[in-house]
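Since the model is a prediction, treat every value here as computed from it, not as a measurement.
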Amino acid sequence: MTIQSIDVAYTAVATAENGRDGRVSTDDGKLDVVVNPPKEMGGSGAGTNPEQLFAAGYSACFQGALGVVARKEKVDITGSTVTASVSIGKTEAGGFGLEVAISASIPGVDQDTARSLVEKAHQVCPYSNATRGNITVDLSVA
């Protein structure tokens, strides 16, 4: 699924130095973080890592999509949270791949409605659209 360049609303720009063991910053200076491989991958774990940054972005984006769907369906999701767990591991081809688990907590909303909202948010969320067919994304309602 591609967007037409006339429809681009915003472009984020980030630059990495020294890959997974360095620094990442945005052109506007709002994000400037040290990145290091986690201890589980042989790194120092002193800074954040790309998987944590991806999880943060995905959870925020998915929460936004959940809000869009809930407003359309006239469901109050006040107090809801979305947690994204991003896992990295070796692929059969010898490279590395990601898996994502999205868990939504929507207090005061029954399980069936919550599950429906989460499934619809997965169709709306730009991160879900970008990863669809490329990585496994599991959805759950807490």
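- When all heavy atoms are compared, the tightest approach of Cys61 to Pro126 is SG-CD, 3.3 Å.
- With sequence neighbours excluded, the residues that form a side chain to side chain contact (heavy atoms under 4.5 Å, CB included) with Thr11 are Val8, Val13.
- For Thr48, the side chain to side chain donor-acceptor pair (under 3.5 Å) test picks out Gln52, with sequence neighbours left out.
- Evaluation of the salt bridge (Lys or Arg N to Asp or Glu O under 4.0 Å) test over residues 70-80, restricted to residues two or more places apart or in two chains, returns Glu73-Lys120.
- Among all heavy-atom pairs drawn from Ile88 and Met41, the shortest one is CG2-SD, 3.7 Å.
- Residue pairs meeting the salt bridge (Lys or Arg N to Asp or Glu O under 4.0 Å) criterion with at least one partner in residues 93-115, sequence neighbours excluded, are Arg115-Glu119.
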**Report entry** Cys125 and Tyr58: CA distance, side-chain angles, deciding distance, side chain to side chain contact (heavy atoms under 4.5 Å, CB included) verdict
**Finding:** CA-CA 9 Å; Cys125 176; Tyr58 203 158; 3.9 Å; yes
Query raised in the report: Taking it one step at a time, do Ile77 and Leu117 satisfy side chain to side chain contact (heavy atoms under 4.5 Å, CB included)?
Result: CA-CA 10 Å; Ile77 62 164; Leu117 292 172; 4.1 Å; yes
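- Among residue pairs with one or both ends in residues 41-67, those qualifying as salt bridge (Lys or Arg N to Asp or Glu O under 4.0 Å) are Arg20-Glu51; sequence neighbours excluded.
- The side chain to side chain donor-acceptor pair (under 3.5 Å) contacts involving residues 32-44 comprise Asp21-Asn36, Arg23-Asp32, where partners must be two or more places apart or lie in separate chains.
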Determine all donor-acceptor pairs shorter than 3.5 Å in which one atom belongs to a side chain in residues 101-108; sequence neighbours excluded.
none

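- When all heavy atoms of Gln123 and Asn129 are compared, the pair lying nearest together is O-OD1, 3.3 Å.
- Side-chain contacts under 4.5 Å among hydrophobic residues (ILVMFWY), followed directly or transitively, place Val33 together with Val24, Leu31, Val35, Leu53.
- Residue pairs meeting the ring-ring contact (aromatic ring centres under 6.0 Å, His included) criterion with at least one partner in residues 15-46, sequence neighbours excluded, do not occur; the list is empty.
- Screening residues 80-90 for side chain to side chain donor-acceptor pair (under 3.5 Å), with sequence neighbours left out, gives Gln63-Ser80.
- Side chain of Asn134 to backbone of Ala130: a donor-acceptor contact under 3.5 angstrom is found.
- Annotation: ring pair (Phe, Tyr, Trp, His ring centres under 6.0 Å) contacts of Phe62 (sequence neighbours excluded): none.
- In the hydrophobic clustering, Val68 connects to no other residue, as no ILVMFWY side-chain heavy atoms lie under 4.5 Å from its own.
- Without hydrogens or angle criteria, Arg132 side chain to Val137 main chain gives no donor-acceptor distance under 3.5 Å.
- When side chains are defined from C-beta on, Val100 does not count as touching Thr131, because their heavy atoms never get closer than 4.5 Å.
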